[in-house]
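Letters go in sequence order (proteins before strands), and every chain restarts at 1.
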Amino acid sequence: MRKVRVRFAPSPTGPLHMGGVRTALYNYLFAKKHGGDFLLRIEDTDQTRYVPGAEEYIIEALKWCGIEPNEGVGYGGDCAPYRQSERKPMYKPYAEQLVEKGWAYYAFDTSEDLDNIRKQAELAKMPNWQYNSISRMTMKNSLTMPVDEVQAKIAAGDPYVIRFKMPRNEEVRFQDLIRGWVVFSTNELDDKVLYKSDGMPTYHLANVVDDMTMNISHVIRGEEWLPSAPLHVMLYKAFEWEAPAFAHLPLILKPDGNGKLSKRDGDRLGFPVFPLEWKDPETGAISSGYREKGYFPKAFINMLLLLGWAPGNNQEIFTEQEMIDAFTIERIGKSGSKFDPDKTRWFNQQYLRNTPLPELAQALIPLMQEKGWVKEPSYVEGVCKLMMERAVFVADMLEGHYLFQAPVEYDKDAVAKKWKPGESGALMMEWKSVLETVEDFSHDGIDAAFKGFLQTKSLGMGAVMPLFRLMLTGTLTGPSSMDVAALIGKEEVMKRIDQGVKTLG
RNA sequence: GGCCCGUUCGUCUAGGGGUUAGGACAGCAGAUUUUCAUUCUGUAAACAGGGGUUCGAUUCCCCUACGGGCUACCA
């Protein structure tokens, strides 16, 4: 068995969307599991679709996700270059080799010619005209023209393409690692262009030549490639090369309705479809990203792992090593998966809770600074401890604004419902004088004092607690008042009671 | 239209000739909590349909329906 070498081969036509990230992830895990290589190849053979910044985006996105190639564009390696535009000179000899062997031919029909034929065919109710084993004999190519005329045209610099000569009445079959045997008849396949008139190979030629010269052992790619897989299999046969194993991944579908997840669904339904935020260089339109929305890359990846793959037991949270150990291509599902934004949030929540306090604090501090809040790291850890149970994102912990500053306003509804002017203020001042004497200003210490206060006053919790909370936070929600008081400290508590009573009367 | 791929709770899925068809998210209902959140408990919810094969099909085969992908000198 040959060494496992897999590749992720996107085209730089825009930002990488989460389906692409999942494909990269599965390739990465497969490589790691088998001690193989994971390479990044950029398929930029269509100059008209090139989008500036897309390549950098792809590299940065993979880096953020923690699924880095060990070879490829941005990483170097023995098979460099890994950008197809830079490999341009090497494809033509391969195409010509196929012509010599009789597996391909020159064609001089222009795009306009073909457009016209297709239009006419459509008018004649033949909606699917193809350049294939039958129609090619009526076209302008090296199969129908005299040899000297063909050579003259080429010598004169006339534009031409090289097409694959798909044989007739043959069966192409290959075993897909996910779907099992897949069979096509060559009669359904057309004579695909391998080499374009602009001197660039098409995807099909470049892909096969590169996979061969880069020693790729397994091609793991999206299902949209399944229909062209037989052509690729035929190309390997024509070159007399050993074909890699194929695995065609099911698609990621939009959460509502049908169809594959597209760029627009994100904006429409309010969740990102891209790992990183992307600004369209043409329109300036911004598409949101998981990173900017505050997702942990590990949570994002964990969600993607389970979208189309299952371990067979009930495990849902995976460390990277666990993913690598558990992953097998055989356990990838066959059908498309609808993306679920809610579950994605759940994964983030799980990861947030499993993040150690110091790390959480480090993540929160920059967000606090944006609000102008500055606290000691140890204090911020205390904030995180109180807030993490009610947060999905790190930024959610900012909702505990009262842990950073005294309340600037008091919730109107809460005041109307709980605060009795005069009476409530007097009660709070009394409670304050008790608090002043508390030596152990911890949750338990304050709690003990509070219980004692209730007893001497013969009051229930509901009569005092909401008022105290209102003094401390300005709201009626949040972590335990005792915890809040302990964290902000005695002096601050005293000040807030004074301020609250003064404000509310 | 043609070709190819697919179809288990609303969603992601486990399972696989004989099961109370399991889990998770979301939902609903309770309990705990001074509140919100958490947590816990419970609850509802699925084998697309029709034919076979079989003692027995959700599981194997065929057909239909539905969904998806592809059908460019795009990838």
Below 4.0 Å: OP1/OP2 of [N] and any side-chain N or O of [X]:
X: A:T45; N: B:A75; value: yes
X: A:S480; N: B:U35; value: no
X: A:K417; N: B:U35; value: no
X: A:R163; N: B:C73; value: yes
X: A:R22; N: B:C12; value: no
X: A:R353; N: B:U39; value: yes

Nucleotide nearest [X] when distance is taken to its side chain, options [options]:
X: A:V161; options: B:G1, B:C70, B:C73; answer: B:C73
X: A:N314; options: B:U71, B:C5, B:G22; answer: B:G22
X: A:M461; options: B:U34, B:G69, B:C73; answer: B:U34
X: A:E389; options: B:U38, B:G2, B:A75; answer: B:U38
X: A:K338; options: B:U11, B:C4, B:C36; answer: B:U11
X: A:R469; options: B:C73, B:U34, B:G6; answer: B:U34
X: A:K343; options: B:G1, B:A37, B:A24; answer: B:A24
X: A:T110; options: B:A24, B:C74, B:C73; answer: B:C73
X: A:K196; options: B:U11, B:C73, B:U7; answer: B:C73
X: A:E223; options: B:C25, B:C5, B:U13; answer: B:C5

When both hydrogen-bonding distances must be under 3.5 Å and the geometry is Watson-Crick or G-U wobble, what is [N] paired with, if anything?
N: B:U11; value: B:A24
N: B:U58; value: none
N: B:G30; value: B:C40
N: B:C70; value: B:G2

Note to self: Over 60° means perpendicular and under 30° means parallel, so tell me whether A:F339 and A:F271 are parallel, tilted or perpendicular.
What the structure shows: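 Rings of A:F339 and A:F271: tilted, as their planes differ by 30° to 60°.
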Check: Parallel, tilted or perpendicular for A:F184 and A:F174, by the 30°/60° rule?
Finding: parallel
Expressed as a whole number of Å, how far does the [atom1] atom of [N] sit from that of [M]?
N: B:A21; M: B:A26; atom1: P; answer: 26 Å
N: B:C9; M: B:G2; atom1: P; answer: 29 Å
N: B:A44; M: B:A24; atom1: P; answer: 15 Å
N: B:U32; M: B:U38; atom1: C1'; answer: 11 Å
N: B:G68; M: B:U8; atom1: P; answer: 14 Å

Note to self: Return whichever of A:V182 or A:G312 has its heavy-atom-nearest nucleotide of RNA chain B closer to the 5' end.
What the structure shows: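 So the residue in question is A:V182.
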Checklist line | Nearest-nucleotide 5' precedence on RNA chain B, A:T477 against A:A107 | finding: A:T477
NA contact type, [X], heavy-atom cut-off 4.0 Å: base, sugar-phosphate, or nothing?
X: A:S337; value: sugar-phosphate
X: A:R49; value: base
X: A:V183; value: sugar-phosphate
X: A:S111; value: base
X: A:P479; value: base

Next item on the list: Flag the pair A:Y295 / A:F393 as yes when their ring centroid distance falls below 6.0 Å, and as no otherwise.
Entry: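 For A:Y295 and A:F393, the ring centres are under 6.0 Å apart.
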Checklist line | Ring center gap for A:W309 and A:Y26 short of 6.0 angstrom | finding: no
Check: Is the closest side-chain donor-acceptor distance between A:N141 and A:Y106 under 3.5 Å?
Finding: no
Next item on the list: Taking only Lys NZ, Arg NE, NH1 and NH2, and the carboxylate oxygens of Asp or Glu, determine whether A:K254 and A:D256 approach each other closer than 4.0 Å.
Entry: no
Check: So which heavy atom on A:I446 is nearest to which on A:W431, and how close?
Finding: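 Minimum heavy-atom contact is O-CH2, 4.1 Å.
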